[in-house]
Every structure is written in structure tokens, then in C-alpha cells.
Number of protein chains: 2
Amino acid sequence: MDQVSPQRKRAGRRPTIADIAKIVGVSKVSVSNALNGQPGVSEATRARIAEVAEEIGFVRNSAARALSGAKSSAVGLALARPARMLGTEPFFMELIGGIENVLSDASYSLALQVVSDHERGLEAYRRWWGERQIDGAILVDLREDDARVPALEEIGLPTVVIGHPSGSGSLTPVWSDDAAAIRETLEYLAALGHRRVGRVAGLTGLVHTSQRDAAFAAVCRELGLEAAPVIHTDYTGMEGARATRRLLLSPARPTAILYDNDMTAVAGLSVAQEMGLRVPEDLSIVAWDDSPLVQVVRPPLTALTRDIHAYGAHAARILLALISGEKSEGYEDAAPQLTPRGSTAAPPA
Amino acid sequence: MDQVSPQRKRAGRRPTIADIAKIVGVSKVSVSNALNGQPGVSEATRARIAEVAEEIGFVRNSAARALSGAKSSAVGLALARPARMLGTEPFFMELIGGIENVLSDASYSLALQVVSDHERGLEAYRRWWGERQIDGAILVDLREDDARVPALEEIGLPTVVIGHPSGSGSLTPVWSDDAAAIRETLEYLAALGHRRVGRVAGLTGLVHTSQRDAAFAAVCRELGLEAAPVIHTDYTGMEGARATRRLLLSPARPTAILYDNDMTAVAGLSVAQEMGLRVPEDLSIVAWDDSPLVQVVRPPLTALTRDIHAYGAHAARILLALISGEKSEGYEDAAPQLTPRGSTAAPPA
DNA sequence: AACAAGCAGTTAACCGGTTGTCCACGATGG
DNA sequence: CCATCGTGGACAACCGGTTAACTGCTTGTT
């Protein structure tokens, strides 16, 4: 009866299990058990409860449930980027799409926060965890000596790191073999006859950047290629253009350039064409990450294709497994595949 | 004392206000009030409580707070897109960046769900609301006769619609004057001497598409321009290329084309160049939405610039106001500004 | 002097589920 | 015929924080 006069009976009060209990004539507990498939409720009552719940439009109050120690059915992802740069990165949207796909099948939702740097990102994870908002976390943009790794290890939050195991500590990594992709690309360029290959790389400090740097140097040496200087950028078109200009004006101008993302590659293409170089006759271009962008320019760019969507999906799947208590060694995703298009050819004689 | 023996005393129990209360020697309520800046607590006690809270690393349990009818400090955004298409749309990432910026200052987080269609999107909003996961919602991709509008009106969730007031019902709209932008563009093209202008539009059924369609037709008539057929696309490069091809092969080939987003414009540029047309000498191109993408191609594209980041920020700010009970008429953002670049010039004689 | 008002706190109840404990009832078994 | 067991279900306590109502006590008013 005390249900009838709460201090502030809101007009559109949402139905609770107590309402169902009253209607069916059983206790709250039975309703809870019935709705959760717990034993101790007869089939008949169970059916009746389900029916009434449906009828009055009952929705579980996840706050109440979480309060009683249950899961919160959400995972967190803090993206450390200057917000204005996000739009230029198809990568993350695709990744998020893949993650979401898996999560929503499990009725999990994704808490997303865009922060300015890793420090604030860590704060976000801490807050989410403190408030029991999330059951697990996904870490991206792994850096060398990333402070977030030990921090998340300490609070014991199930976490999947998108990045190479070498930097993920005891957290579960999901990664791809970038070195293999570099090798495939350089072998391809060497076979075409290129002897001097440049590289426009991404942000220094990121684990995958230095891994690619290392692989690039190693494979060049191995294949007897002359490695032009590696120039690091922030992935924007502007820096990609500048880096390309520097490479093309250097005394030892490369005959092919490998870019770390699609945007810098497209910018590089424009710069080359502006400088009167024909692509691919005078300069070959390879972009890391296939995307509509690299396919829409002329010539369409040879690219390292990977299924980013699947990548995100794998990460999410493993995270869900971790949350449900399973152990996981992580997952090595397929290495990026070289997709030759019109931007690569034999170097000028 | 009952604190000491809960049925399952987890090892790393997180501190609660009861712990603080015990240490400081006051009641839970005083702690709650102190921490929330409520009156009824002396400055001294307040300081002491803050100190202890900091010391033992207290974090509010938002589930418990939400259970007591408080806000959940999150807003929801369900994005209805085939997940794989997201990456191609800088627009949304920028928008989300802007939203996030404002939200995080208010310690709000954004619940994001990528769904396949509006129906599933509505489900997401319903679930979030039912579970008290969100205090407000943001609606994008407004369609004509959008079923989500009456649904959200009915459940009474504070909602901001990104889209024109004509379709937002009693929900609060945030929009920009697309008609003005169309007018500015067409006047500019007319002044250059163009007489026949084509348009590669976005998805039919979206409110802003038909608004632009209508404005385009009206202004063409007004200026005495011959409107080439409007071709609708799904915003992808592929359809943009196809549409461009159709326009350029039509008997009444336009001398200028206005595209509804950056991707189709860039695709159109490539198609034109492939067909041997020089841009801007033979064909002028204008892209809706400025982005790194349109600036990185050659020639860089004349574009309708708008500050999407600010757009998202405005929406978020208004939503927060709605949540705190204020009324709002909505907000008309600045109309997109024409930014002339190298892709527009006088038509061939 | 008497009373209202304000301040700093307290206690109890409550939000909506979940969990541990206990009970009544009927069937089973020896 | 009585002890045992299994089953559907009830009851109370609890999760952690918020709100309403109330209690002393100090201060200001008239």
C-alpha cells in the first residue's frame, strides 16, 4: 500500500516490478526471479508475469540493478584527440561501428568520450569505473610507456588494448602485424624496380608508429633499398603535404612514398601533381588504410587494406569475453593486405 | 556497524559516503549535502568532508544517485547509418566532437549507438529512457514525417533535433539556413556567368535534402537560371561519381555543379577530370561542407563552410538547458558561408 | 520577553531491484 | 505413520545515495 503514496507521485510513473507483483498477486522477488529466468517460480506464474510485464510496458531500471551489484552493461572508450581532428579520421568511425555492432547484439552500450589528451582519457576511465558506469574498457592510440596501461591494470577493469602486445602489459591486446604489411609493400615496390622509398609516418610516440618505423628500416636494409628519411606528421593533410614537399625536394628524391594514413597520402598526391610529377610514372604512392577517400582521387591509390570494422568487432567480442570472466590471450587480426591501384608503377628509368 | 559485515565483503570495496560519515563523525546526509554543495553544512565540516573524501578516494556511485531520482548525467545519440558508411562522413565525427566538448565540461557523457535504421534508433532511445540511462537526447538525420519525433514527444524526454523547425514538432530544433547558403552560391555562380547549374543531392526523405531541393529550384527560377536535373545520392563517392557522369553526359550539360557533401564533390571532380574536362575552366564545382578533404585535392574545392563543431556545441548547450528545466525556442546557427577556391570560375564561352 | 527565523545536523523513509533465509505444502520413503 | 526432501514462494535486509521532516541552538525583531 505504501506504493500508492510516494512523496512525489510523478504523473507518468514508470512501472516497476512492484507494480507487476501487485497485479499478479505475488512478491517482488518472484517477479525478479521470473524476469531473470531464475529458478523458484512455476511455469504458470512465470508466464503470467511476463505477460503483465509486457502489457504495462515494464522496463528494468538499470540503476537499481547496478546498485545491487550487477553489471552496468556498458563499456567505455575515451578517444584522445583534438576534437577537430576527428572528422578527418575514417579509422575511428569505422572502428566504433565495428565495436557497436557486437556490443548492441549483447545489449551493451558504448560510453564514448572525446578528450584532449591521454591524461584526461585516463580520468574518464577512472570516473566511469568509480561510478560503476562501465564493465570494461577499450584503449586505443597506445603510446610507448603509456601511463594508462599500469593504471587500468591496477584498478582491475577488464580492458582490451587496440595495439601491439609489446605495449599492452597484462591487458589483452588486439593487433595486426604491421611489419608484415610493410614487408609486403616494400617487396612489391622493389619488384617494380624502386630503389629509394620514402615514408611519411604518423605521430611519434605511438607504439604502432615506431613499430612501422622499425619494420620499414629493417626491411629496407634487408632488401637493399635506400631508405629516404622518415618524416613524422600528425596525420593531417597539411602536414602530409609539407612532408611530401620536403621529400620531393630533397637531393635524394624517392621514387615511391609510403604514407601512414589516407589523408596524408591524398595530400601527397596533390603536392606531387602540383609539382608537375606524374603519378605513378614519376612517383608511386601507397596509402596505409584503404578508404573511399583514396579510391575517389585520380589515380586511385594503391592501399594497405584492412577490415577496420572487423577489427573493432574482434576487440568488442574479446572484451565481452573478458567481462564474463573468460581468459584471453588477445587476438592477432589479419595483417593489412596490399591492394594495388593506379598510383604505383615502375620508377622512371 | 552493519557496514563491516556485508554478505560479500569484496576485497577492494569502494568507499561510500557512509565511510566518510563514520570517519568524520557526522551522518550520511551531511556528507551528501556537503559533497553536493547543498546548504545546511558548516564550512568547517564541509572542508573536513571534502578532505576525507579526497583522501580515501571517494567516487560517487551514480547508480545509487540515479536510483534516488537524480539525473543520470548522460545524453543519448543514436546514429542511424549503415555502420560501414560512417567513416566516410567527417560531419558526424565533428558534430560529436562539438557535442562532447560541451558535455564534458558539464561532466555529462554521451551514450552513442550506431544503428542500422531509424526504427532501431528509436528503440535505443526508448531503452535508454526506460532504464533511466539518459537525461536527454539528440536527434539527427531528421526525416520527413519522422516517427521518432512524436515518439519522443510522447515520452517527454528533453530532446534537441538537429534539423529544421518545420520537421521537429514540439521538440527543440537547432538548424541553419540552408536556403540562404543555396542563394549565396547560386548568386555567385550566376555572377560568374553560369546559366545552367546542376545539383548532386543527398538522400531523399531527409528534411534538409528536400529543403535544399526546394531552395535550389526557387532561387534558380528567381535568378533565371536553368536548373539541370537534381540527382539524389547516398553521399558516397560511388554515387557521386555516377551522378556526375550522368549530368556531364546529358544533352544540357551544366557548367557548374553543386554537391551536397564533400565526398560526392571530390568524386565528381575526379570524374570530370577523367572525362577530360578541366576544373574550373570547363566545369565549376561547389561542395557543401568544407573539410580537409576538399582542400587537399587539386584544385581545392570552393565550399560552403560551416562550423560543425560549433553546431554540435550549440546543440549540446541547448540540450543541457532543456534538461535543467529551461525553455528554449531552439537556435538558428549561422548559415554556411561560401568559401571560394580554385574549383569555380567563369564558364567556357 | 516572546516569537520568528536561520543554521547545522539528525533520523527515517525511499528509490527499484537482488540476495540470503525461512516457511508451508505435498510427495516420497522406510 | 513419521521423518525427509524438494518446491513455490514470502519476508526482510541491503546496495549507496537523496529527500522530507524534525530537533536543538543561536540570532534578530518588535
Side-chain angles (χ1 to χ4, degrees), chain A residues 1-10 12-22 24-49 53 56-73 130-133, chain B residues 1-10 13-22 24-49 53 56-73 129-133:
Chain A
M1 288 300 103
D2 58 336
Q3 294 295 339
V4 196
S5 64
Q7 66 273 53
R8 283 147 39 87
K9 54 158 85 175
R10 285 158 298 177
R13 241 186 88 258
R14 287 170 247 204
T16 71
I17 56 169
D19 299 326
I20 302 181
K22 208 174 348 170
V24 178
V26 295
S27 71
K28 286 200 309 178
V29 179
S30 297
V31 176
S32 171
N33 287 334
L35 259 24
N36 290 319
Q38 298 293 95
V41 189
S42 70
E43 258 334 300
T45 338
R46 195 181 293 275
R48 178 84 185 104
I49 288 174
I56 66 176
F58 170 77
V59 189
R60 229 188 239 86
N61 182 331
S62 61
R65 162 177 262 193
L67 187 52
S68 305
K71 302 287 179 189
S72 62
S73 286
E131 297 181 347
R132 282 85 159 166
Q133 301 257 40
Chain B
M1 288 301 105
D2 58 337
Q3 294 295 339
V4 195
S5 63
Q7 65 272 54
R8 283 148 35 88
K9 55 158 85 177
R10 285 159 298 178
R13 242 187 88 257
R14 291 142 165 149
T16 72
I17 56 169
D19 298 328
I20 302 181
K22 206 170 355 166
V24 178
V26 294
S27 70
K28 284 200 311 178
V29 176
S30 296
V31 176
S32 171
N33 287 333
L35 259 23
N36 290 319
Q38 297 294 95
V41 189
S42 70
E43 260 331 302
T45 328
R46 195 181 294 276
R48 178 84 184 103
I49 288 174
I56 65 176
F58 170 76
V59 189
R60 230 187 236 83
N61 182 333
S62 63
R65 162 178 262 192
L67 187 53
S68 306
K71 304 290 178 186
S72 61
S73 286
W129 175 79
E131 298 181 347
R132 283 83 160 167
Q133 301 257 38

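Every chain is numbered from 1, with letters handed out A, B, ... down the list of sequences.
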What's touching nucleotides 23-27 of chain D from the protein side, N or O pairs under 3.5 Å?
none

Restricting both atoms to N or O, compile the protein contacts to nucleotides 21-24 of chain C shorter than 3.5 Å, with distance only.
none

Detail all sub-3.5 Å separations between protein N/O atoms and N/O atoms belonging to nucleotides 7-13 of chain C.
unit_1: C/dG9; atom_1: OP1; unit_2: B/S42; atom_2: OG; d: 3.4
unit_1: C/dG9; atom_1: OP1; unit_2: B/T45; atom_2: OG1; d: 2.8
unit_1: C/dG9; atom_1: OP2; unit_2: B/S42; atom_2: N; d: 2.8
unit_1: C/dG9; atom_1: OP2; unit_2: B/S42; atom_2: OG; d: 3.3
unit_1: C/dG9; atom_1: OP2; unit_2: B/T45; atom_2: OG1; d: 3.0
unit_1: C/dT10; atom_1: OP2; unit_2: B/S27; atom_2: N; d: 2.8
unit_1: C/dT10; atom_1: OP2; unit_2: B/S27; atom_2: OG; d: 2.8
unit_1: C/dT10; atom_1: OP2; unit_2: B/S30; atom_2: OG; d: 2.8

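Once rounded to the nearest 0.5 Å, the distance linking NZ of B/K28 with CG of B/D19 reads 11.0 Å. Here the CD1-OG distance, from A/I20 to A/S30, works out to 12.0 Å after rounding to the nearest 0.5 Å. Atom OG of A/S32 and atom CZ of A/R65 lie 7.5 Å apart (nearest 0.5 Å).
Look at A/R65 and you'll find a side-chain N or O under 4.0 angstrom from OP1 or OP2 of C/dT18. Checking the phosphate oxygens (OP1, OP2) of C/dT18, a side-chain nitrogen or oxygen of A/N36 falls inside 4.0 Å.
Atom CG in B/N61 sits roughly 14 Å away from atom C1' in C/dG16 (whole-Å rounding). If you take CG of B/D19 and C1' of D/dG16, they are 10 Å apart, rounded to a whole angstrom. We find that CD1 of A/I20 is positioned 14 Å from P of D/dA10, with the value rounded to whole Å. Atom CG of A/L67 and atom P of C/dC14 are 17 Å apart (whole Å). One can place NZ of A/K22 at 12 Å from P of C/dG16, the figure rounded to the nearest angstrom. Distance CG (A/L35) to P (C/dT18): 8 Å, rounded to an integer number of Å. Between the CD1 atom of A/I17 and the C1' atom of C/dG17 there is a distance of 5 Å, rounded to whole Å.
The two residues A/S27 and A/A21 come nearest to each other via the heavy atoms C-CB, 3.8 Å. Taking each heavy atom of B/F58 and B/L35 in turn, the nearest pair found is CE2-CD2, 3.7 Å. Summarising the geometry of A/V41 relative to A/R46, their closest heavy-atom pair is O-NH2, 3.3 Å, with the distance given to 0.1 Å. Considering every non-hydrogen atom in both B/P15 and B/G57, the closest pair reads CG-O, 3.5 Å.
The base of D/dG17 sits within donor-acceptor range of the side chain of B/S68, with an N or O pair under 3.5 Å.
Under the side-chain contact (heavy atoms from CB on, under 4.5 Å) test applied with A/T45, the options A/V26, A/N33, A/V31 reduce to a single match, A/V26.
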Show your working on side-chain contact (heavy atoms from CB on, under 4.5 Å) between A/L67 and B/N61 and close with a plain yes or no.
CA-CA 8 Å; A/L67 187 52; B/N61 182 333; 4.1 Å; yes

### Task
Quick one: do A/N36 and A/R60 satisfy side-chain contact (heavy atoms from CB on, under 4.5 Å)? Show the steps, please.
CA-CA 11 Å; A/N36 290 319; A/R60 229 188 239 86; 2.8 Å; yes

